[in-house]
Amino acid sequence: MSNWAKFVNNVPLRRFTVLGVVVLILYFARSMMSTLLLTFIFCLLVVKLTNGIRRFVKIPSEVIVVIVYLLVLAGLYFGVTVYIPQVADQAISSTKDIVDFYSNPSNLPDDNTLRWVNELIKQSNVMAQMKNGVSLIWRYITGVGTMGITLFLSMILSFFFAIEKKTMYNCKRHP
């Protein structure tokens with residue numbers, strides 16, 4: 001009996017080897033894991049929605065997929081162009097209001113302890129705190145940009161998978 005036949009007949013060794021290969025593939029693909037997972041989630045949702053719509057309306061699934069993705073893109077565009085600027089303006093306005101309130105000594109009660117705390121805050125190392133705040137904001141911005149690219153790639157890949165659903169099923173049935 002050859003080594004390959006022994007390996008194939010040894011079920012526990014074969015399962016452990018397959019598990020090890022899967023773990024290695026996942027380890028090497030860890031930087032793409034978000035893209036892969038989002039792609040399959042989007043594809044699953046769109047295919048299920050397409051199948052649900054096709055039960056009631058006899059339209060080709062490709063047309064439904066295109067319409068669904070156009071609606072999703074319109075929603076994303078609306079969210080980015082309308083809501084994100086409003087949230088940013090509100091955050092800036094709130095921060096400015098808080099700084100203005102605590103910078104004005106007349107807003108503090110006549111208690112000497114609060115005045116003492118206010119003086120300590122004014123004398124603290126504000127520049128170091130500002131640098132930390134700017135670096136934190138920069139990390140958030142780059143994280144949002146990275147997530148945006150991941151979302152974009154996932155949407156494109158899931159669109160092509162959903163459009164080619166029939167072709168993939170036919171290839172699976174008729175090799």
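Along the sequence shown, residues carry numbers from 1. Because the structure is a prediction, the values reported are computed rather than measured.
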(Q) Once side chain to side chain donor-acceptor pair (under 3.5 Å) is applied, what residue pairs with a partner in residues 51-63 remain, sequence neighbours excluded? (A) N51-K165
Q) Are V46 and L71 connected, step by step, through hydrophobic side chains (Ile, Leu, Val, Met, Phe, Trp, Tyr) whose heavy atoms are closer than 4.5 Å? A) yes
Q.
Holding to side-chain contact (heavy atoms from CB on, under 4.5 Å), I want the full list of residues that pass it with A91, two or more places apart in sequence or in another chain.
A. none
Q) Given the rule that I, L, V, M, F, W and Y join up when any side-chain heavy atoms are under 4.5 Å apart, are V68 and I163 in one cluster? A) yes
Q: Examine V65 and I53 and state if one hydrophobic cluster contains both, with Ile, Leu, Val, Met, Phe, Trp and Tyr joined whenever side-chain heavy atoms are less than 4.5 Å apart.
A: yes
Q: Examine L26 and V21 and state if one hydrophobic cluster contains both, with Ile, Leu, Val, Met, Phe, Trp and Tyr joined whenever side-chain heavy atoms are less than 4.5 Å apart.
A: no
(Q) For I64 versus I59, what's the shortest heavy-atom pair and its separation? (A) CD1-O, 3.9 Å
Q) Closest heavy-atom contact between P85 and V80? A) CD-O, 3.2 Å
**Q.** Pairs where residues 17-37 contributes a residue and the test side chain to side chain donor-acceptor pair (under 3.5 Å) is met, not counting sequence neighbours
**A.** none
Q. By side-chain contact (heavy atoms from CB on, under 4.5 Å), which residues pair with I41, not counting sequence neighbours?
A. L45
(Q) Consider side-chain contact (heavy atoms from CB on, under 4.5 Å). Of L37, T39, L38, which one does T150 pass it with? (A) L38
Q: Please collect all ring-ring contact (aromatic ring centres under 6.0 Å, His included) contacts where either partner lies in residues 28-83, sequence neighbours excluded, each pair once.
A: Y69-F159, F78-Y83
Q | Atom pair CE (M32) and OG (S154), whose distance is rounded to the nearest 0.5 Å | A | 9.5 Å
Q: Inspect the surroundings of CE in M33 and state if more than 12 heavy atoms from other residues, nucleotides or ligands are less than 6.0 Å away.
A: yes
Q. Can you name the residues that form a side-chain contact (heavy atoms from CB on, under 4.5 Å) with I156, not counting sequence neighbours?
A. F152, F160
(Q) Evaluate K48 against L44 for side-chain contact (heavy atoms from CB on, under 4.5 Å), listing each step before the verdict. (A) CA-CA 6 Å; K48 293 290 183 183; L44 175 77; 3.9 Å; yes
Q. Under the 3.5 angstrom rule, does the side chain of N10 hit a backbone N or O of K6 as a donor-acceptor pair?
A. no
Q: Give me the other members of the hydrophobic cluster that V11 sits in, counting Ile, Leu, Val, Met, Phe, Trp and Tyr linked by side-chain heavy atoms under 4.5 Å, directly or via other members.
A: none
Q: Please go through V8's hydrophobic cluster and name the other residues, only I, L, V, M, F, W, Y counting, with side-chain heavy atoms under 4.5 Å joining them.
A: W4, F7, L13
Q: Taking salt bridge (Lys or Arg N to Asp or Glu O under 4.0 Å) as the test, write out the residues that go with K96, two or more places apart.
A: D100
Q) Which residues, ordered by chain and number, are linked to V23 in its hydrophobic cluster, where ILVMFWY side chains connect at heavy-atom gaps below 4.5 Å, directly or through other members? A) L19
Q) Looking at S158 and C43, what are the two nearest heavy atoms and their distance? A) CB-N, 3.6 Å
(Q) Can you tell me how far apart CG (L76) and CG (L151) are? Round to the nearest 0.5 Å. (A) 6.0 Å
Q) Looking at residues at least two apart in the chain, or sitting in another chain, which of them share a side chain to side chain donor-acceptor pair (under 3.5 Å) with E164? A) T167
Q. Listed by chain and number, what are the side-chain contact (heavy atoms from CB on, under 4.5 Å) partners of I149, not counting sequence neighbours?
A. L153
Q. Mind checking whether L70 and M155 sit in one hydrophobic cluster, side chains of I, L, V, M, F, W, Y counted as touching below 4.5 Å?
A. yes
